[in-house]
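Accompanying notes for the structure given below.
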Amino acid sequence: MKNKSYEPQAIEQTWYQKWEANNYFAPSGRGMPYCIALPPPNVTGTLHMGHGFQQSIMDVLIRYHRMCGNNTLWQIGTDHAGIATQMVVENLLRSEGADRHILGRENFVKRIWGWKKYSGDTICSQERRLGISGDWTREKFTLDPNLVQAVQHVFISLYEEGLIYRGKRLVNWDPVLNTAISDLEVISEDSEGSLWHIRYPVADSTESLIVATTRPETMLGDTAVAVHPEDARYQHLIGKQVKLPLTDRLIPIIADEYVDMKFGTGCVKITPAHDFNDYALGQRHNLPLINIFTKDAYINENAPKIYQGLDRFVAREKILADLKSAGLLIKVEKHQLKIPKGERSGAIVEPYLTDQWFVKASVLAKPAIEAVEHGKIKFIPENWSKIYLQWLENIEDWCISRQLWWGHRIPAWSDEKNNIYVGRSEEDVRVKYKLGNIALKQDEDVLDTWFSSALWPFSTLGWPEQTPEFKTFYPTAVLVTGFDIIFFWVARMVMMGLKFTGEVPFKEVYITGLIRDSHGQKMSKSKGNVLDPVDLIDGIALDDLIKKRTSNLMQQHLTKEIEKQTRLDFPSGIPGFGADALRFTFCALATTSRDVNFDIARLEGYRNFCTKIWNATRFVLMQLEGFDRSNNAVEFSLADRWIKSELQRTLHIIETEFKNYRFDLVTQAIYEFTWHQFCDWYLELAKPILYSENFSASAKQGTRETLLSTLETILRVIHPFMPFITEELWQEVAPKLNIKRPTIMLEQYPQFDKSEVDNEAVVEIEWLKKVILAIRNIRGEMNISPAKPLPLLLSKGTVTDKKRIEKHTQYLKALARLESIDWITEEKIPAAATTLVDELELHIPLANLIDISAEIARLNKEIGKLKADIERAATKLNNVNYTSKAPSDVVARERLKLAENQSTLQKLQTRVMDLLGVK
RNA sequence: GGGUGCUUAGCUCAGUUGGUAGAGCAUCGCCUUUACAUGGCGGGGGUCGGGGGUUCGAGCCCCUCAGCACCCACCA
């Protein structure tokens with residue numbers, strides 16, 4: 001600690017390098033294993049606040065358990081993030097005027113690897129800036145060779161067991177990305193649409209049916225019209241045919257209970273190739289499937305020529321116009337509907353008939369459900385298990401193939417007759433299926449990125465090999481993640497983990513909230529409210545922040561609004577708060593709430609806390625000039641005993657709340673103890689002993705000893721939250737305790753020790769605080785300068801009060817800034833400001849200092865409060881129901897309090913009378 | 001259509017098995033007291049979303065209404 005004032009930039013850089021260079025992040029090889037698998041960030045760019053939040057929490061857990069003596073591994077790495085990363089690089093290419101199809105698959109993938117290095121390196125450097133203590137020597141990427149091996153192993157086993165199958169199915173198709181996506185990747189968006197009523201003439205009849213549809217363009221693929229079997233209006237038409245307008249096709253009128261008689265006209269056009277319900281209905285009735293779209297959602301050759309080649313929405317307009325001119329468009333109604341959009345591209349998703357690979361999820365889901373129901377996996381907060389279970393209990397098959405180039409290639413080959421062979425490699429399948437020399441072609445598709453993520457907790461530990469790491473650290477201790485990926489990831493890890501290792505992948509799932517901005521808005525590029533954790537650590541000028549938020553915007557027109565809001569939120573940019581303050585803030589915000597509003601004011605407050613710790617350490621070190629532990633006799637003061645006891649009380653809270661994952665309560669306890677007990681009280685109580693001639697050398701020695709050991713303990717307590725500042729300070733403090741070990745990181749975490757709890761000291765110091773506070777209160781309310789020494793007169797009081805006053809004269813004089821303390825008899829009390837501490841009466845003589853009427857007003861305010869309290873208590877105690885039914889200790893407490901208040905009231909009233917007399 | 005969560009001081013949030021409401025920030029007053037003005041000391045501020053119920057006693061339990069947020073789902 002070279003600087004007088006706390007400057008995070010000056011200390012944070014060097015320590016990290018030392019820790020990493022000395023391999024302190026690696027498992028110790030001793031103690032109970034404790035492992036966290038980091039949710040691997042996507043290599044799509046840089047870390048955002050959510051990562052910072054979750055990683056801070058994980059690092060706190062990791063550092064805590066490492067200090068508690070566990071054999072601790074934080075398995076870190078990054079995720080290839082299939083679609084997301086491919087899109088980033090495609091956008092990059094587009095800005096260069098290039099295209100992945102021009103580049104070709106091999107070159108494009110090469111290009112993505114280049115991007116992966118750039119993004120991965122950025123992420124790792126951000127993580128280092130945050131101070132995270134993952135084992136870098138074991139860093140993994142989801143496309144690393146042994147993770148590829150794990151993916152293949154799982155795919156092949158599931159295929160051979162019949163749990164993976166390939167089939168032509170209706171899937172969610174993203175016509176922009178040209179790939180299938182899973183149900184989870186489809187986002188329903190509310191939209192104001194229309195319901196068109198279209199007349200379908202019945203063949204060989206003058207009758208017609210009116211169908212209602214939100215998607216008129218799909219009529220080109222209609223293969224039936226359905227009515228409810230019991231619908232009296234249409235009974236006679238079931239089995240007949242209608243002429244499908246704009247085409248020359250005749251399609252049947254069928255009956256199915258799926259149709260809701262009350263909705264629209266009760267007639268539904270059926271398009272099995274472009275609607276999930278219609279598909280199911282088509283299967284029941286053996287309807288043909290007519291696919292009318294290309295992969296890009298243009299009308300294809302199966303439709304009448306005049307519509308071919310039209311975009312789906314252009315086609316819609318034309319079809320509506322044509323229907324209208326044919327007199328077949330009956331009416332249009334406004335209609336609320338949900339539009340399915342691709343999570344990544346935002347394109348309207350089309351149900352589309354393609355060959356895809358699927359996982360039979362329901363089979364895998366059963367054990368995953370049981371694991372949570374039987375408590376083998378515990379969610380924190382508990383109620384997320386409901387969400388998890390609900391989803392698994394209704395799980396659909398998982399479409400795992402993606403028509404992308406970036407990802408795990410599907411380990412399947414086909415021959416010319418489209419027979420499928422699954423194996424580790426082309427060679428492997430030839431041998432396995434005895435194929436000889438026939439032509440084989442590998443499946444072009446890659447796997448859904450979540451397929452490899454599902455294996456992360458064990459694939460990173462070397463599975464399917466039974467490596468020492470796998471045997472030691474699996475199952476991992478806890479998964480720390482957000483509720484937004486419970487389905488995508490958590491559930492699938494549990495399914496795969498149980499299936500392939502026979503064990504749960506983690507024993508606990510700690511679900512964090514989602515980081516939002518200070519207004520409660522979700523952080524997103526398009527809202528322009530994104531914060532980069534590193535900018536909070538290092539600081540950023542306003543102009544740079546605006547530039548960062550408005551560059552590469554999809555919607556340019558938002559620039560002005562974003563700039564305005566940014567200027568409003570951060571009028572002078574963001575100062576560098578340091579990683580320690582940021583990490584502590586994240587933990588302090590980690591309540592059970594699902595939304596976490598990130599307010600820079602909190603960060604500022606905790607930066608100030610760092611400053612406080614810094615200065616307190618400077619103070620303690622200043623008191624230790626010439627301090628030698630070995631030489632002198634030691635005598636511990638009441639304050640020494642008290643602060644040690646308070647420290648234990650704090651450690652007890654910390655221990656409990658760590659188990660509960662209540663980091664907000666842990667940080668609160670740390671903050672309260674460090675600032676309000678240690679700094680505000682203990683350091684002030686230490687000063688009189690250290691500065692006064694009246695105290696013995698052994699008393700001074702005891703105080704120094706306590707200052708030092710308490711501070712050193714505090715530093716260890718705080719270290720998991722604030723690794724940098726605590727290391728920096730500890731390096732100065734520890735040698736004074738003759739500690740020669742190299743780093744605070746590997747020291748023992750302070751443990752709660754009941755034997756150091758000292759209730760006697762606590763009671764007495766609490767009394768002392770009350771007396772000091774009472775005097776300060778008068779000073780404050782009467783606007784007397786804190787610099788002005790005051791005379792104190794005492795009256796009444798018990799024998800204990802007298803003893804204590806005598807004993808603590810030094811403390812009282814110093815902390816309440818008194819020039820004198822004298823006992824007087826009741827008759828001699830002068831005009832004074834009076835306050836009570838139980839039986840003891842404290843008087844500050846008014847003599848020019850205090851206005852009598854101000855004192856009367858102050859007392860009357862106090863009297864008012866007491867009267868209200870007394871009345872409430874009296875009513876309560878007069879209620880027989882209360883005194884007979886409430887527990888006796890509660891009643892006794894109430895009685896005692898009432899008696900005290902009555903006595904205080906009387907005394908204060910007497911004082912008012914006296915003062916009025918003086919006046 | 002189902003489900004979940006939230007509503008406590010100006011703001012952001014705690015509130016343990018029901019026993020007379022707490023913190024941080026903001027605010028007001030006094031203060032350059034030799035660790036710290038990124039500070040010290042003191043103060044003010046809430047009928048705990050509305051209504052009803054259980055109870056001697058409800059921020060906490062039950063019912064109901066309202067508002068906000070989110071998740072899931074195939075109504076054309």
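Just so it is clear, the values below take in all heavy atoms, side chains as well, and ignore hydrogens, waters and symmetry mates. Please read these numbers as outputs of a predicted model, since none were measured by experiment. Lettering of chains follows the sequences in order, A, B, ..., and the numbering in each one begins at 1.
Relative to the six-membered ring of Phe678(A), Lys612(A) misses at least one condition, a distance below 6.0 Å or an angle of at most 45° to the axis.
Using a 4.0 Å heavy-atom cutoff across all strands shown, Lys687(A) reaches at least one base atom of the nucleic acid. The residue Val259(A) sits close to a base: some heavy atom pair falls under 4.0 Å. Using a 4.0 Å heavy-atom criterion, one finds that Asp599(A) contacts no nucleic acid atom at all. Nucleic acid contact for Tyr606(A): none, since no nucleic acid atom lies under 4.0 Å from a heavy atom of the residue. If you check every strand for non-hydrogen atoms under 4.0 Å, His676(A) touches sugar and phosphate atoms only. Among the protein residues, Ala601(A) comes within range of the sugar-phosphate backbone only, with heavy atoms under 4.0 Å from sugar or phosphate atoms but none that close to a base. In this structure, Ile270(A) reaches neither bases nor backbone, as no heavy-atom distance under 4.0 Å exists between it and the strands shown. Residue-level contact check: Glu684(A) touches the bases, meaning some heavy atom is under 4.0 Å from a base atom. Within 4.0 Å (heavy atoms only), Asn383(A) reaches sugar-phosphate atoms of the nucleic acid but no base atom. Using a 4.0 Å heavy-atom criterion, one finds that Arg215(A) contacts no nucleic acid atom at all. Note on Lys338(A): a base of the nucleic acid sits closer than 4.0 angstrom, heavy atoms only. In this structure, His519(A) reaches neither bases nor backbone, as no heavy-atom distance under 4.0 Å exists between it and the strands shown. Among the atoms of the strands shown, base atoms are found under 4.0 Å from some heavy atom of Lys897(A). Using a 4.0 Å heavy-atom distance criterion, Cys610(A) is classed as making no nucleic acid contact.
Using the six-membered ring where Trp is involved, Trp391(A) and Phe487(A) have ring planes that are parallel, under 30° apart on the 30 and 60° scheme. Classified by interplanar angle (parallel below 30°, tilted 30° to 60°, perpendicular above 60°), the ring pair Phe584(A)/Phe721(A) is perpendicular. Note on ring orientation: taking the six-membered ring where Trp is involved, the planes of His274(A) and Tyr352(A) are tilted (angle from 30° to 60°). Relative orientation of the His676(A) and Tyr671(A) rings is perpendicular, given thresholds of 30° and 60° on the angle between their planes.
In this model, no donor atom of one side chain and acceptor atom of the other lie less than 3.5 Å apart for Ser518(A) and Asn597(A).
Checking C30(B), A14(B), A76(B) against the side-chain heavy atoms of Asp260(A) singles out A76(B) as nearest.
A sub-4.0 Å separation between OP1 or OP2 of C36(B) and a side-chain N or O of Asn608(A) is absent. A sub-4.0 Å separation between OP1 or OP2 of G39(B) and a side-chain N or O of Asn615(A) is absent. Here Arg662(A) reaches the OP1 or OP2 of G15(B): one of its side-chain N or O atoms lies under 4.0 Å away. Close to C72(B), at under 4.0 Å from its OP1 or OP2, lies no side-chain N or O of Tyr388(A).
Comparing the same atom, C1', in G18(B) and in C61(B) gives a spacing of 8 Å after rounding to whole Å. Taking atom P on both nucleotides, C60(B) is separated from G50(B) by 11 Å, rounded to a whole Å.
The nucleotide A23(B) finds its pairing partner in U12(B), both defining distances of the Watson-Crick or G-U wobble pair being shorter than 3.5 Å. Using Watson-Crick or G-U wobble geometry with both donor-acceptor distances under 3.5 Å, C70(B) finds its partner in G3(B).
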Heteroatom pairs (N/O) under 3.5 angstrom, protein to nucleotides 40-43 of chain B:
from   : atom 1 : to        : atom 2 : distance (Å)
G40(B) : OP1    : Lys612(A) : NZ     : 3.0
G40(B) : OP1    : Trp675(A) : NE1    : 2.6
G42(B) : O3'    : Asn777(A) : ND2    : 3.3
G43(B) : OP1    : Asn777(A) : ND2    : 2.8

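Place Glu7(A) and Asp183(A) on RNA chain B by their nearest nucleotides, and Glu7(A) ends up nearer the 5' end.
A donor-acceptor pair under 3.5 Å links the side-chain atoms of Asn394(A) to the main chain of Gln390(A), judged by distance alone.
Applying the salt bridge (charged side-chain N to carboxylate O under 4.0 Å, His left out) rule to Glu604(A) yields no partners; only residues at least two apart in sequence or on another chain are considered.
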